[in-house]
Asks: 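Can you read through this structure? Questions will come right after.
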Number of protein chains: 2
Amino acid sequence: MSNNQFKRGELYSVINGVASTAVARRLQKNFRNAGLEITIEQWSILYHLWKEDGLSQQELCTRTYRDKASITRLIDNIEKLGLVERIASKDDRRVNMVYLTDAAKPLQEATYNLANQTMNEALQGISKEEIEIVKSVFQRVYENSK
Amino acid sequence: MSNNQFKRGELYSVINGVASTAVARRLQKNFRNAGLEITIEQWSILYHLWKEDGLSQQELCTRTYRDKASITRLIDNIEKLGLVERIASKDDRRVNMVYLTDAAKPLQEATYNLANQTMNEALQGISKEEIEIVKSVFQRVYENSK
DNA sequence: TTATATTAGTTGCATAACTAACTATATGTC
DNA sequence: GACATATAGTTAGTTATGCAACTAATATAA
C-alpha cells in the first residue's frame with residue numbers, strides 16, 4: 001500500500017461531486033417550495049428544449065451526458081406530466097423529435113429565476129476567474145475519462 | 001426573462017457535475033474489468049472504513065454526504081456481499097457500528113491501485129494549483145448550498 | 001440487391017437517490 | 001418520575017441511473 005492516502009482522500013471529493021450535489025438538492029428544494037412538481041433531472045431536459053425546441057432523444061443524450069435508456073425514461077415521465085411530446089421524424093423513422101407542449105412554456109421563467117437565484121447563492125464569494133478554472137478542469141477531466 | 005442565458009447554460013454543467021460523473025463511470029468500469037463486483041458507491045463506504053473501521057451509520061452519512069435511508073440500504077447491500085457487518089453499540093442501543101469483515105481487507109490494495117490509476121488518468125495535464133482551486137470552490141459552494 | 005453493420009429507441013434488471021412516515025432509544029424539563 | 005423532544009435507524013414509495021439485450025429502420029459493401 002502506498003503512503004499517499006491523504007491525497008486520494010481529497011480527490012475522492014472530486015469524484016463524488018459533493019458541491020454540485022448540494023446545489024442540485026437546493027435547486028430541487030426551491031422548485032418544491034415554489035409548487036413546481038418537477039425534478040431537477042426533468043428540468044435539465046426542459047432547459048435544453050427551451051434553448052432549442054424539437055431535439056431528438058439522441059441529441060438530448062449528448063447534451064445532457066446521459067445514456068439512451070435514461071433519456072427514454074426521463075422523456076416518458078415528462079410526457080406523463082404533459083410537458084413534452086414525442087413526434088416521429090419524417091426524414092428518419094427511427095428518430096423521435098421531442099417538443100415542448102404549451103403547458104411547459106409558462107414554467108420557463110419561474111424555473112430560470114429559481115435557478116439563477118440558487119446559483120447566485122451557491123457562487124457567493126467565488127470569482128469569475130475561479131469559475132473559469134473549475135470549468136476548464138471539469139472539461140479536461142471529462143475528456144480524460146471518456 | 002433576463003438575457004444572460006449563456007451564463008446559466010454553462011453553470012448548469014457545474015450543477016450537473018459532469019466531470020465527476022465521468023470519473024465515477026470510468027472507475028466503475030475499471031472495477032468491473034478487474035473482476036471486482038462492487039459499485040463505486042459501495043466502494044466509497046469501504047474507503048472510509050479502511051481509513052477508520054467501526055463507524056456508526058450516522059458518521060458514514062456525514063462523511064459521505066448521504067442521508068440515513070441511503071446509508072441503510074448501501075450497508076444492506078454491502079452486508080449481503082459479506083464485506084461489512086453491523087454490530088449494535090453497547091453505549092447507545094440506537095446505534096449500529098459498521099465493521100469490515102476479513103473478506104473486505106484484501107480488496108483494499110486492489111481498489112486503491114485502481115482508484116489511483118483512474119485518478120492519475122483523469123488528472124493528466126492538470127496542475128496542483130488548479131486542483132487546489134477546484135477543491136476550494138467545491139467546499140465554498142457546498143457551504144453556500146447547505 | 002442482398003447481406004452486414006450501424007444507429008435510434010425501448011425494455012428488463014439491479015443499484016442508488018430523496019422524502020416522509022415509522023419504531024426504538026436517549027435526553028431534558030417540569 | 002413523567003411527558004415532550006431529539007436522535008439513530010428502517011421501511012415504503014417514487015424517480016433516476018447504467019448495462020445488456022432487444023426491435024426497427026437506415027446505411028454500407030459485396
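Below, each value reflects all heavy atoms present in this structure, side chains not excepted, and no hydrogens, waters or symmetry copies. Lettering of chains follows the sequences in order, A, B, ..., and the numbering in each one begins at 1. As the structure is a prediction and not an experimental result, all values here were calculated from the model.
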Asks: Specify the separation, in whole Å, of atom NZ of A/K68 and atom P of D/dC22.
Replies: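 Checked: the NZ to P distance equals 14 Å.
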
Asks: Take atom CD of B/Q57 and atom P of D/dT11, then tell me their distance rounded to the nearest Å.
Replies: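 These atoms are roughly 11 Å apart.
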
Asks: Would you call B/E41-B/R66 a salt bridge at under 4.0 Å N-O?
Replies: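 No, B/E41 and B/R66 are not salt-bridged.
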
Asks: In this structure, how many angstroms lie between the P atom of D/dT14 and the CD atom of A/E41, rounded?
Replies: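 After rounding, the reported distance stands at 17 Å.
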
Asks: Exactly one of A/L49, A/V98, A/T62 should register a side chain to side chain contact (heavy atoms under 4.5 Å, CB included) with A/L55. Which one does?
Replies: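 So the option named by the test is A/L49.
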
Asks: Whether A/N77 contacts D/dA16 is assessed here as follows: a side-chain N or O lying under 4.0 Å from the phosphate OP1 or OP2. Is that the case?
Replies: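 Yes, within the criterion.
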
Asks: Are A/Q28 and D/dT15 close enough that a side-chain N or O sits under 4.0 Å from OP1 or OP2?
Replies: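 For D/dT15, OP1/OP2 do not have a side-chain N/O of A/Q28 under 4.0 Å.
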
Asks: Quick one: does A/R73 reach the base of D/dG18 with a side-chain donor-acceptor pair under 3.5 Å?
Replies: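 Yes, the side chain and the base share a sub-3.5 Å donor-acceptor pair.
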
Asks: Mind calculating the distance between CZ (A/R93) and C1' (D/dT23) to the nearest angstrom?
Replies: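 In whole Å, D/dT23 C1' lies 14 Å from A/R93 CZ.
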
Asks: Whether A/E132 and A/K135 form a salt bridge (side-chain N of Lys/Arg under 4.0 Å from carboxylate O of Asp/Glu) is what I want to check.
Replies: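 Judged by the 4.0 Å cut-off on N to carboxylate O distance, A/K135 and A/E132 do form a salt bridge.
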
Asks: Reading DNA chain C from 5' to 3', where do the contacts with chain B start and stop? Cut-off is 4.0 Å to heavy atoms.
Replies: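 The footprint of chain B covers C/dT15 to C/dA26.
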
Asks: Tell me: CG of B/L55 to C1' of D/dA8, nearest whole Å?
Replies: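 Answer to the nearest Å: 15 Å.
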
Asks: On DNA chain D, check which nucleotide each of A/D92 and A/Q42 is closest to and give me the residue with the more 5' one.
Replies: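 Result: A/Q42.
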
Asks: How are the rings of B/Y112 and B/W50 set to each other: parallel, tilted or perpendicular (split at 30° and 60°)?
Replies: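 Perpendicular: the ring planes of B/Y112 and B/W50 meet at over 60°.
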
Asks: Do NZ/NE/NH1/NH2 and the carboxylate oxygens of B/R86 and B/D76 come within less than 4.0 Å?
Replies: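 Salt bridge: yes.
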
Asks: Choose from D/dT26, D/dA12, D/dG9 the nucleotide whose nearest atom is closest to any side-chain atom of B/A69.
Replies: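 Output: D/dA12.
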
Asks: Taking for each residue the nucleotide of DNA chain C bearing the nearest heavy atom, is the 5' side occupied by A/K29 or by B/T39?
Replies: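 Taking each residue's closest nucleotide, the earlier one in sequence belongs to B/T39.
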
Asks: Measure from the side-chain heavy atoms of A/L74 and tell me the nearest of D/dT7, D/dC19, D/dA16.
Replies: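 My answer, after comparing the listed nucleotides, is D/dA16.
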
Asks: Measure CG/B/D91 against C1'/D/dT7 and give the value in whole Å, please.
Replies: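 Answer to the nearest Å: 15 Å.
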
Asks: What integer distance in Å separates B/D76:CG from D/dA12:C1'?
Replies: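 So the two atoms are 14 Å apart, to the nearest Å.
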
Asks: Give the rounded distance in Å between these two atoms: CG of B/D67 and C1' of D/dG13.
Replies: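 About 14 Å, once rounded to whole Å.
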
Asks: How do A/T72 and B/K90 order along DNA chain C: which one's closest nucleotide is nearer the 5' end?
Replies: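 Nearer the 5' end of the strand: A/T72.
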
Asks: Is B/Q58 close enough to D/dA8 that one of its side-chain N or O atoms is under 4.0 Å from OP1 or OP2 there?
Replies: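 B/Q58 to D/dA8 OP1/OP2: side-chain N or O found under 4.0 Å.
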
Asks: Less than 4.0 Å between a side-chain N and a carboxylate O, is that true for A/E37 and A/R32?
Replies: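 So A/R32 does not pair with A/E37 through a salt bridge.
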
Asks: Start with the C-alpha distance between B/F138 and A/F138, add both sets of side-chain angles, then the distance that settles ring-ring contact (aromatic ring centres under 6.0 Å, His included), and finish with yes or no.
Replies: CA-CA 12 Å; B/F138 265 49; A/F138 265 49; 5.7 Å; yes

